[in-house]
Every structure is written in structure tokens, then in C-alpha cells.
Colleague: 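Let me give you the structure first, and then I'll get to my questions.
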Amino acid sequence: VQLQASGGGLVQTGGSLRLSCAASGRTFSIYNMGWFRQAPGKEREFVTTITWRGGVTYYADSVKGRLTISRDNAKNTVTLQMNSLKPEDTAVYYCAANPGGGLYSVEGYDYWGQGTLVTVSS
């Protein structure tokens with residue numbers, strides 16, 4: 001699976017952004033899909049994930065109620081709607097594919113996109 005993330009940019013505090021992840025490969029629909037982020041000088045951290053059928057989602061406590069993940073298996077896309085953004089959301093955001101297990105850890109994901117930068121100004 002090859003992943004291409006897009007949609008990052010500069011936004012003011014309280015603003016919104018919509019990130020997209022386009023996947024290539026016929027097996028996209030069998031992977032759980034997640035978003036991670038990495039701020040300057042920090043480790044990559046879990047943000048959210050959605051199961052392969054799209055029925056279950058998980059979120060980091062820091063983003064609950066503000067970020068929403070969704071997927072369209074027919075279009076091989078995963079979307080992250082980001083609302084009420086805060087300066088601490090500033091990071092490079094990565095989409096990733098998980099074959100099963102370890103949904104909250106970087107090690108659980110086999111394929112990664114190149115990342116898209118989100119900057120939230122105060």
C-alpha cells in the first residue's frame with residue numbers, strides 16, 4: 001500500500017483543516033488506517049485510527065471532540081477533519097496503514113505516507 005497525505009497548511013487558533021490520505025493498492029480496505037503526528041523535537045504520537053470496515057474509531061484524549069477520522073474504501077481515501085485547532089496541534093501529520101493489532105503504536109503500522117505539515121498560529 002502506498003499512501004499520500006495532503007491538506008496541511010497554516011491556520012489560526014480555532015480554525016479548521018481537512019487532511020486527506022490517498023492510498024494505492026487493491027488491499028487498502030483490509031487495513032486499519034491511522035493518523036499520527038510529530039511535533040518538532042518530539043516523538044511521533046498516535047492521533048486517531050479507524051478500523052478496516054470503518055465501524056470503530058479511536059482517538060487520543062488530546063483530540064477527542066475536535067478531530068474526526070473517516071474513510072471511503074471505494075475511493076481508497078482516509079480523511080481527518082480537524083476543528084477547533086490549537087497551537088499544540090502544530091506538527092507533521094502522517095497517515096499509516098495497520099494490518100491488525102497495535103493500533104496505538106507506531107510499530108503497529110506497516111505503511112506510512114510522507115506527512116503533511118499543519119501549523120496553528122496563536
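Residues: numbered from 1 along the sequence shown.
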Colleague: Please report the shortest heavy-atom distance between Thr79 and Ser20, naming the atom on each side.
Modeller: OG1-OG, 4.3 Å
Colleague: Just to verify, what does Arg18 make a side chain to side chain donor-acceptor pair (under 3.5 Å) with, not counting sequence neighbours?
Modeller: Gln81
Colleague: The criterion is side chain to side chain donor-acceptor pair (under 3.5 Å); which residues satisfy it with Ser70, sequence neighbours excluded?
Modeller: none
Colleague: So which heavy atom on Leu3 is nearest to which on Ala97, and how close?
Modeller: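 For Leu3 versus Ala97, the nearest heavy atoms are CD1-N, 3.8 Å.
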Colleague: Quick one: which of Asn32, Leu103, Ile69 gives a side chain to side chain contact (heavy atoms under 4.5 Å, CB included) with Ile50?
Modeller: Ile69
Colleague: Go through the structure and list residues passing ring-ring contact (aromatic ring centres under 6.0 Å, His included) with Phe46, not counting sequence neighbours.
Modeller: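 ring-ring contact (aromatic ring centres under 6.0 Å, His included) list for Phe46, sorted by chain: Phe36, Tyr104.
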Colleague: Nearest heavy-atom pair of Ala23 and Phe28: which atoms, and what distance?
Modeller: CB-CD1, 3.2 Å
Colleague: Would you name the heavy atoms of Val1 and Tyr111 that are closest together and state the gap between them?
Modeller: O-CD2, 3.2 Å
Colleague: What pairs meet the salt bridge (Lys or Arg N to Asp or Glu O under 4.0 Å) rule with one or both residues in residues 70-79, with sequence neighbours excluded?
Modeller: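 Listed by first then second residue: nothing to list.
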Colleague: Got a sec, which residues hit side-chain contact (heavy atoms from CB on, under 4.5 Å) with Ala39, two or more places apart in sequence or on another chain?
Modeller: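 Counting only residues at least two positions away or on another chain, Ala39 forms a side-chain contact (heavy atoms from CB on, under 4.5 Å) with Lys42, Ala91.
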Colleague: Minimum heavy-atom separation for Gly7 and Leu17, please, with both atom names.
Modeller: O-CD2, 3.9 Å
Colleague: Any side-chain heavy-atom pair from Thr48 and Leu67 closer than 4.5 angstrom?
Modeller: no
Colleague: In this structure, would Tyr59 and Leu19 fall into the same cluster of hydrophobic residues linked by side-chain contacts under 4.5 Å?
Modeller: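 Yes, it is one cluster - the side chains of Tyr59 and Leu19 are joined through contacts under 4.5 Å.
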Colleague: List for me each residue that meets side-chain contact (heavy atoms from CB on, under 4.5 Å) alongside Ile30, sequence neighbours excluded, and say none if there are none.
Modeller: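 Ile30: side-chain contact (heavy atoms from CB on, under 4.5 Å) contacts with Thr27.
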Colleague: If I take atom OG1 from residue Thr90 and atom CG from residue Leu85, how far apart are they, to the nearest 0.5 angstrom?
Modeller: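 It comes to 8.5 Å.
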Colleague: Tell me who clusters with Trp52, hydrophobic residues only, linked when side chains sit under 4.5 Å apart either directly or through other members.
Modeller: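 Traced through the cluster, Trp52 reaches no other member.
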Colleague: State which residues pass side-chain contact (heavy atoms from CB on, under 4.5 Å) with Thr13; sequence neighbours excluded, sorted by chain then number.
Modeller: Pro87, Val120, Ser122
Colleague: Going by the rule side-chain contact (heavy atoms from CB on, under 4.5 Å), which residues pair with Ala96 if we only count those two or more places apart in sequence or in a different chain?
Modeller: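 side-chain contact (heavy atoms from CB on, under 4.5 Å) check on Ala96 returns Tyr109, Trp112.
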Colleague: Following the transitive rule for hydrophobic clusters with a side-chain heavy-atom cut-off under 4.5 Å over Ile, Leu, Val, Met, Phe, Trp and Tyr, establish whether Tyr31 and Tyr94 coincide in one cluster.
Modeller: no
Colleague: Closest approach of Trp35 and Leu80, non-hydrogen atoms and distance?
Modeller: NE1-CB, 3.6 Å
Colleague: CG/Asn76 to CE/Met33 distance, rounded to the nearest 0.5 angstrom?
Modeller: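 Asn76 atom CG to Met33 atom CE measures 9.0 Å (nearest 0.5 Å).
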Colleague: If we ignore hydrogens and angles and just use 3.5 Å, is the side chain of Asn98 paired with the main-chain N or O of Gly101 as donor and acceptor?
Modeller: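 Present.
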Colleague: Restricting to pairs with a member in residues 54-114, which pass disulfide bond (SG atoms under 2.5 Å apart), not counting sequence neighbours?
Modeller: Cys21-Cys95
Colleague: Got a sec, which residues hit side chain to side chain donor-acceptor pair (under 3.5 Å) with Gln38, two or more places apart in sequence or on another chain?
Modeller: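 Counting only residues at least two positions away or on another chain, Gln38 forms a side chain to side chain donor-acceptor pair (under 3.5 Å) with Arg44.
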Colleague: If a pair satisfies salt bridge (Lys or Arg N to Asp or Glu O under 4.0 Å) and one of its residues is in residues 82-101, list it, with sequence neighbours excluded.
Modeller: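 The answer is Arg37-Asp89, Arg66-Asp89.
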Colleague: Does Tyr58 belong to the same Ile/Leu/Val/Met/Phe/Trp/Tyr cluster as Val78, with side-chain heavy atoms less than 4.5 Å apart forming each link?
Modeller: no
